[in-house]
Novice: 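There's a structure below that I have some questions on.
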2 protein chains.
Amino acid sequence: MSGIEDVASLAGVSKATVSRALSGRGYVSAETRLRVSEAAASLGYVVSSSASSLVTGRTNNVGVIIPVINQWFFGSIIEGVERALLERGYDLMLYNLTKSHEERTRVFEYFLVRKRVDAVIAVTLEITPDETATLLALGKPIAGIGGPLEGIPTFGIDDVAAARLATEHLLLLGHRDIMHVGGDIDEQMDFHVHSKRLMGYMDALTAAGIPYDHDSYVAARFDIPGGYRVGKQILGDPRRRPTAIFAASDEVAMGVILAARELGISVPDDLSVIGIDDHPLAELFGLTTIEQRPDLQGEQAVDWVIGQLDQPGWRPPAQHTVLPARLVMRSSTAPPRPRLP
Amino acid sequence: MSGIEDVASLAGVSKATVSRALSGRGYVSAETRLRVSEAAASLGYVVSSSASSLVTGRTNNVGVIIPVINQWFFGSIIEGVERALLERGYDLMLYNLTKSHEERTRVFEYFLVRKRVDAVIAVTLEITPDETATLLALGKPIAGIGGPLEGIPTFGIDDVAAARLATEHLLLLGHRDIMHVGGDIDEQMDFHVHSKRLMGYMDALTAAGIPYDHDSYVAARFDIPGGYRVGKQILGDPRRRPTAIFAASDEVAMGVILAARELGISVPDDLSVIGIDDHPLAELFGLTTIEQRPDLQGEQAVDWVIGQLDQPGWRPPAQHTVLPARLVMRSSTAPPRPRLP
DNA sequence: TATGATTCTGGAAGCGTTTGCAGACGAGGA
DNA sequence: TCCTCGTCTGCAAACGCTTCCAGAATCATA
């Protein structure tokens with residue numbers, strides 16, 4: 001394991017010059033730079049990041065805190081963030097914060113603080129004011145993905161608007177009897193996605209002059225089996241069956257579609273279904289949906305924190321950056337079947 | 001940002017004692033240790049990992065190289081690895097190596113080598129002898145997840161055996177006409193999973209005295225849409241339709257089931273389907289499968305590399321550790337419908 | 001030619017820890 | 001009593017870089 005000293009003597013220069021030549025900072029003649037690079041290459045030298053962070057105070061790491069990994073939305077974020085970081089020369093330290101409070105505390109109080117990261121990206125994580133303070137006190141840029149959050153800039157779609165858009169699509173097709181299958185408000189994921197999507201749904205109904213019926217919202221676990229179970233339950237009862245369902249996520253929507261198929265209910269003839277996400281499987285299911293791009297949300301968060309690192313003191317124009325969410329029409333929605341008199 | 005010096009003076013001891021008290025190495029009286037911890041806590045002191053790695057040569061990071069994130073198998077591995085690392089006091093640096101050769105080279109030659117990680121876990125990654133050499137030359141433990149790999153210890157199921165087990169299950173039920181829908185051999189994922197599963201399938205057939213028919217293996221993309229497409233193709237042609245299909249992964253299997261349903265083919269009455277993985281959705285589809293636990297594979301890999309770090313020189317008993325894969329019976333497999341004469 | 005600006009290089013002082021070494025102290029054994 | 005041994009602590013030397021500073025060389029300008 002050769003050090004900078006070896007490179008220096010092989011190239012016939014001082015350590016200082018080697019450092020300058022390799023890092024590209026400060027004056028170094030072209031000729032010297034070449035000699036140094038060659039020496040470094042021939043020795044297989046690579047700078048020690050610990051030594052260099054010790055003096056510069058920069059680790060070139062960004063910490064990412066995420067509650068789940070194995071779900072499309074979260075996996076896509078990680079992919080986007082990772083790609084963006086790698087491109088910009090940063091490494092990604094992953095912290096998977098599951099429900100456990102203990103784990104959470106440990107990460108916050110111990111790992112993140114340990115001068116190991118230059119910045120933090122918190123995905124869909126409700127950070128308490130205390131924790132925000134902790135992080136801000138470190139002077140490290142923090143960005144959030146998912147929704148407005150007090151005190152830190154966030155990137156994500158407008159969940160209320162997306163839900164409204166989805167519901168409006170159904171209304172526009174002529175549906176009046178629209179149910180919403182969403183996440184459990186009490187078992188709220190952080191960032192209040194569930195209540196926001198419910199709100200968008202209600203907004204749209206209200207605007208259309210349709211009274212909101214309390215039973216028309218049903219909570220489901222936020223995955224395919226969750227949607228399936230609730231679908232079976234709702235659609236199994238003919239008196240209860242709506243003409244359209246707005247599911248709060250594509251996975252839930254696909255679960256509902258599976259349930260419908262099993263019950264012999266034709267989508268979209270007997271039932272229209274719309275979701276949110278544009279999940280990779282949405283196409284297979286012909287699912288009409290509201291597209292969002294978690295990977296781009298991640299990328300933007302990266303851009304912001306790195307911008308902060310590059311020019312400290314700079315602040316973003318907006319506290320919450322709204323990314324686009326657009327309607328993707330497929331074959332799971334259609335006008336309701338005309339009622340026979 | 002207070003340093004060790006501040007803690008030292010607040011506690012009325014030397015830097016050396018603070019270091020010993022906080023790290024738990026060397027002699028420190030109980031009373032002193034307490035005073036130091038309190039001082040540290042009250043100052044919100046936390047050791048600088050760069051400074052400490054600089055002198056100890058240990059970063060407490062483990063690098064994980066993985067080709068995909070947003071797929072159940074890979075996501076589960078990350079979850080397992082992350083959990084295990086966190087428990088043991090290590091941080092996880094994530095490198096998502098997509099196909100791009102350039103990216104791959106960069107990670108290998110630049111990021112990993114940069115003295116940023118103590119060990120490397122390569123997931124399902126065919127490392128060239130050159131790369132293996134590079135890594136080994138660094139003196140860093142490396143483990144692989146997925147299958148036997150020259151020169152480094154690996155953890156995973158026996159793909160040949162798992163495929164054989166799946167096929168045997170179908171044979172035992174009385175099927176003779178069994179097709180295999182697997183990954184594209186040419187578009188091989190690393191580690192040769194595809195060819196191994198094909199081999200297990202052929203082995204089982206051969207052992208049962210059934211001649212292997214060249215058309216009975218069809219390649220599909222390794223996901224639900226891939227399985228669906230091939231399913232439509234195979235099952236759409238009545239002359240070609242087998243009584244059972246062994247899909248190389250649960251996702252492919254579920255795609256096939258979706259195709260079957262759409263064609264009005266009843267599973268398992270008209271067609272038995274078995275997969276490999278025990279994907280979270282397998283239960284919903286009633287899919288009989290061979291269970292494997294990627295998270296445990298990750299955990300074992302972590303255990304091994306950390307074992308190496310703790311007691312250098314120690315070598316594992318086996319080069320490839322085979323983890324269990326067991327049959328989980330559900331409702332997608334049954335004896336073939338008796339042929340009408 | 002003198003003067004200043006610009007480019008290039010080396011010496012040396014850190015950055016914030018850990019750890020080898022040595023000294024101090026008290027306890028127990030000969 | 002003298003020694004040894006185990007426990008506890010502090011000093012100071014690394015660890016491998018970056019960067020400030022100063023000096024040398026080069027070049028353009030007055």
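Letters A, B, ... are given to chains in the order of the sequence lines, protein chains preceding strands, and every chain is numbered from 1.
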Novice: Between A:Arg20 and B:Arg20, which has a closest nucleotide on DNA chain C that is more 5'?
Specialist: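 Residue closer to the 5' terminus by nearest nucleotide: A:Arg20.
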
Novice: Can you confirm whether the side chains of B:Ser76 and B:Asp295 place a donor and an acceptor under 3.5 Å from each other?
Specialist: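 The answer is no; no qualifying pair exists.
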
Novice: Do the side-chain N or O atoms of A:Tyr27 get closer than 4.0 angstrom to the phosphate oxygens (OP1, OP2) of C:dA5?
Specialist: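 No, A:Tyr27 has no side-chain N/O under 4.0 Å of OP1/OP2 on C:dA5.
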
Novice: Indicate whether any N or O donor in one side chain lies under 3.5 Å from an N or O acceptor in the other, for B:Asp91 and A:Tyr95.
Specialist: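 There is such a pair between these side chains.
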
Novice: Could you check B:Gly26 against B:Ala51 and say which one's nearest nucleotide on DNA chain D is further toward the 5' end?
Specialist: B:Gly26

Novice: What is the separation between atom CZ on B:Arg58 and atom C1' on D:dC15, rounded to the nearest whole Å?
Specialist: 16 Å

Novice: Test side-chain hydrogen bond (donor to acceptor under 3.5 Å, both in side chains) on B:Thr32 and B:Ser29; report intermediate values, then the result.
Specialist: CA-CA 5 Å; B:Thr32 309; B:Ser29 74; 2.6 Å; yes

Novice: If the cut-off is 4.0 Å, is A:Ser14 near the phosphate of C:dG10, judged by side-chain N/O to OP1 or OP2?
Specialist: yes

Novice: Calculate the interatomic distance between A:Glu31 atom CD and C:dC8 atom P; express it in whole Å.
Specialist: 11 Å

Novice: Side-chain N or O of A:Ser29 versus OP1/OP2 of C:dT9: is the shortest distance under 4.0 Å?
Specialist: yes

Novice: Which nucleotide wins on minimum distance to the side chain of B:Ala16, given the candidates D:dG10, C:dG16, C:dG11?
Specialist: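 For B:Ala16, the side-chain atoms sit closest to D:dG10.
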
Novice: What's the closest nucleotide to the side chain of A:Ile4 if the choices are C:dG20, D:dC17, C:dG16?
Specialist: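 Of the options given, the side chain of A:Ile4 lies nearest D:dC17.
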
Novice: Does A:Ser52 have a side-chain nitrogen or oxygen under 4.0 Å from the phosphate oxygens OP1 or OP2 of D:dC17?
Specialist: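 Negative; the distance criterion is not met.
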
Novice: Between A:Ser23 and B:Val13, which has a closest nucleotide on DNA chain D that is more 5'?
Specialist: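 With A:Ser23 and B:Val13 compared, the 5'-side residue is B:Val13.
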
Novice: Could you tell me if the side chain of A:Gln292 sits less than 4.5 Å from the side chain of A:Phe73, heavy atoms only?
Specialist: yes

Novice: Separation of B:Glu5 atom CD from D:dA12 atom P, in whole Å?
Specialist: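 Atom CD in B:Glu5 sits about 13 Å away from atom P in D:dA12.
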
Novice: Grab the CG-P distance between B:Leu43 and C:dG16 for me, whole Å please.
Specialist: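 Taking CG of B:Leu43 and P of C:dG16, I get 15 Å after rounding.
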
Novice: With a 4.0 Å limit, can you tell me whether B:Arg25 has a side-chain N or O closer than that to the phosphate oxygens OP1/OP2 of C:dT19?
Specialist: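 Indeed, a polar side-chain atom of B:Arg25 lies that close.
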
Novice: Atom CZ of B:Arg33 and atom P of D:dC8: how far apart are they, to the nearest Å?
Specialist: 9 Å

Novice: Can you identify which nucleotide, out of C:dC8, C:dT19, D:dT9, has its nearest atom closest to the A:Thr32 side chain?
Specialist: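 Closest nucleotide among those given: C:dC8.
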
Novice: Between A:Ser14 and A:Thr17, does any side-chain donor sit less than 3.5 Å from a side-chain acceptor?
Specialist: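 Note: A:Ser14 and A:Thr17 side chains meet the donor-acceptor criterion.
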
Novice: Would you please confirm or rule out a distance under 4.0 Å between OP1 or OP2 of C:dT18 and any side-chain N or O of B:Ser19?
Specialist: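 True: B:Ser19 side-chain N/O within range (under 4.0 Å) of C:dT18 OP1/OP2.
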
Novice: Using atom CG of B:Leu54 as one end and atom P of C:dT18 as the other, report the distance to the nearest whole Å.
Specialist: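 One finds 11 Å between P of C:dT18 and CG of B:Leu54, rounded.
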
Novice: Which of these nucleotides, C:dT18, D:dT9, D:dT19, is closest to any side-chain atom of A:Thr56?
Specialist: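 In terms of side-chain proximity for A:Thr56, the closest of C:dT18, D:dT9, D:dT19 is D:dT19.
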
Novice: Return the value, rounded to whole Å, for the distance between atom NZ of A:Lys15 and atom C1' of D:dA14.
Specialist: 12 Å

